[in-house]
> 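Once you've had a glance at the structure underneath, I'll fire off some questions.
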Amino acid sequence: FGTTVTLAAMEVISDIPIVCVIVSNPDKTGIMPSLEGSGRNVAGVTHATSEVALLEALLKVTPAKRVGIIYNALETNSLVGSKRYRHLCLKARVELVELPVQPGDDLEAAALSLVEQGVEAVILPSDSLIVSQGAEVIEVLNAASIPTVASLEPYVLNMGALFGLVVTYEQVGREAAHVADSILQGRNPAQIPLAFLRPRYLVNLATEKRIGLSLPPEIKASARQVPQ
């Protein structure tokens, strides 16, 4: 579960198939040299929504010109994602305020720092450290009426982020089971392409009301909704 855990497992397990889930950018983080297959005992499923799609979704919701992102500076996947956001924001003429943190840091204080720096919206990345303390981060941002876009379902479903473009954990689990079953039926994990799933909008109606921002009808019409 996750990039960091998958990489750790790969270091010590070479003779048993590994099915990884909730990994982003596996071809950039050392999990797979190619999305067409790992070439070794690893196969799996990505939940990832592209950084392009997330930023485009955020800019549909708010014409923000100063966007924040908080991420784990020690997680390879997060560094890859933040680099992509840097490039995309430059092209979109949006200032990206980056706040790298590390395990043990006070993430509530980090979120307050983003507020103090005047960000108009915040991206919540696919990052195991940030999601582990996401409720504290999101509460600070909601209290300041700052909209958040999420890359993971729990941010919206359980923690109060405004909206996300996400794949559900149930979808990921079901697809991972299919991958595992195919391996048990004799398929070589080294030759199994990474499985991709289609994300869908998820919106939190209570947060929409709380921060006083109306989501565009075209987003709400196609979204799953967390009720008030």
> Does a side-chain heavy-atom distance below 4.5 Å link Y169 with L152?
yes

> What are the two closest heavy atoms between S82 and E98, and how far apart are they?
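S82 and E98 have their closest heavy atoms at CB-OE1, 4.0 Å.
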
> Under a 3.5 Å cutoff, is there a donor and acceptor pairing between the side chains of E218 and S222?
no

> Using only atom types and a distance under 3.5 Å, with no angle test, would you say the side chain of N41 pairs donor to acceptor with the backbone of I16?
yes

> Can you check whether V61 reaches P216 side chain to side chain, under 4.5 Å on heavy atoms?
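Result yes, sub-4.5 Å side-chain heavy-atom pair found.
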
> Under the 3.5 angstrom rule, does the side chain of R40 hit a backbone N or O of M10 as a donor-acceptor pair?
yes

> Check whether any side-chain heavy atom of V42 sits under 4.5 Å from a side-chain heavy atom of P189, and report yes or no.
no

> Going only through I, L, V, M, F, W and Y residues with side-chain contacts under 4.5 Å, is there a path from I69 to V80?
no

> Can you measure from CG (L194) to CG (L35) and round to the nearest 0.5 angstrom?
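The CG atom of L194 sits 6.0 Å away from the CG atom of L35.
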
> So, for I146 and N142, which heavy atoms are closest and what is the spacing to 0.1 Å?
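Smallest interatomic distance, heavy atoms only, reads O-OD1, 4.3 Å.
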
> Enter the distance from L55:CG to R84:CZ here, rounded to the nearest 0.5 Å.
13.5 Å

> Dump the intermediate steps for salt bridge (charged side-chain N to carboxylate O under 4.0 Å, His left out) on K91 and E56, then the final yes or no.
CA-CA 12 Å; K91 287 181 63 177; E56 287 179 350; over 6 Å; no

> Does L165 offer a backbone N or O that forms a donor-acceptor pair with the side chain of T49 under 3.5 Å?
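Answer holds: yes.
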
> Any donor and acceptor pair, going by atom type alone, linking the side chain of D127 with main-chain N or O of N72 inside 3.5 Å?
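Flag set: sc D127 to bb N72 pair under 3.5 Å.
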
> Any side-chain heavy atom of V166 sitting closer than 4.5 Å to one from Y155?
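The answer is no; the side chains never approach within 4.5 Å.
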
> Would you compute the distance between atom SG of C20 and atom CD1 of I31 and round it to the nearest 0.5 angstrom?
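Reported to 0.5 Å precision, the distance equals 5.0 Å.
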
> Is it possible for you to say whether F196 and M32 belong to one hydrophobic cluster, with membership spreading through side-chain heavy-atom contacts below 4.5 Å?
yes

> Please name the residue in the list L59, L88, L58 that meets the side chain to side chain contact (heavy atoms under 4.5 Å, CB included) test with V94.
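Of L59, L88, L58, side chain to side chain contact (heavy atoms under 4.5 Å, CB included) with V94 is met by L59 alone.
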
> With a 4.5 Å cut-off on side-chain heavy atoms, are L205 and K220 touching?
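Of all side-chain heavy-atom pairs linking L205 with K220, at least one is under 4.5 Å.
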
> What's the shortest heavy-atom distance between V131 and P154, and which atoms?
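In this case the closest contact between V131 and P154 is CG2-CB, 4.4 Å.
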
> Do you see a donor-acceptor pair shorter than 3.5 Å between the side chains of S128 and E75?
yes

> Between L90 and L96, is there a shared hydrophobic cluster once you connect ILVMFWY residues whose side-chain heavy atoms come closer than 4.5 Å?
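No, L90 does not connect to L96 through the hydrophobic network.
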
> Could you report the tightest heavy-atom contact between T168 and R224, atom names first, then the distance?
CG2-NH2, 3.2 Å

> How close do S126 and S78 get, heavy atom to heavy atom, and via which atoms?
O-OG, 4.1 Å

> Do you reckon V52 sits in the same ILVMFWY cluster as I219, going by side-chain contacts under 4.5 Å, direct or chained?
yes

> State, with a plain yes or no, whether a side-chain heavy atom of I138 is found less than 4.5 Å away from one of T207.
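Side chain of I138 against side chain of T207, heavy atoms only: no contact under 4.5 Å found.
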
> Give me the one residue out of V172, V45, T6 that meets side chain to side chain contact (heavy atoms under 4.5 Å, CB included) with V23.
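Testing V23 for a side chain to side chain contact (heavy atoms under 4.5 Å, CB included) against V172, V45, T6 leaves exactly one candidate, T6.
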
> Restricting to pairs with a member in residues 186-206, which pass salt bridge (charged side-chain N to carboxylate O under 4.0 Å, His left out), not counting sequence neighbours?
none

> Any sub-3.5 Å donor-acceptor pair from E136's side-chain atoms to E108's backbone N or O?
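Between the backbone of E108 and the side chain of E136 there is no qualifying donor-acceptor contact (under 3.5 Å).
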
> Indicate yes or no: at least one non-hydrogen side-chain atom of L162 is less than 4.5 angstrom from one of V149.
no

> Do the charged groups of E95 and R66 touch, with an N to O distance under 4.0 Å?
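Yes, charged N to carboxylate O under 4.0 Å.
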
> Please answer whether the main-chain N or O of A206 pairs with a side-chain N or O of N204 as donor and acceptor at a distance below 3.5 Å.
yes

> Any chance you could measure E153, atom CD, to E170, atom CD, to the nearest 0.5 Å?
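Nearest 0.5 Å value for the CD-CD distance: 8.5 Å.
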
> Between S151 and L124, is there a donor-acceptor pair closer than 3.5 Å when you use the side chain of the first and the backbone of the second?
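Yes.
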
> More than 12 non-hydrogen atoms from neighbouring residues, nucleotides or ligands closer than 6.0 Å to CZ on R174, yes or no?
no

> One pair to check against side-chain contact (heavy atoms from CB on, under 4.5 Å): L215 and Y201. What are the steps and the verdict?
CA-CA 11 Å; L215 290 163; Y201 283 117; over 6 Å; no

> Rounded at 0.5 Å granularity, tell me how far CD1 in I211 sits from OG1 in T148.
6.5 Å

> Could you measure the distance from the CG atom of L213 to the CD atom of E208? Nearest 0.5 Å is fine.
7.5 Å

> Which heavy atom in R93 sits nearest to a heavy atom in K65, and how many Å separate them?
O-CD, 3.8 Å

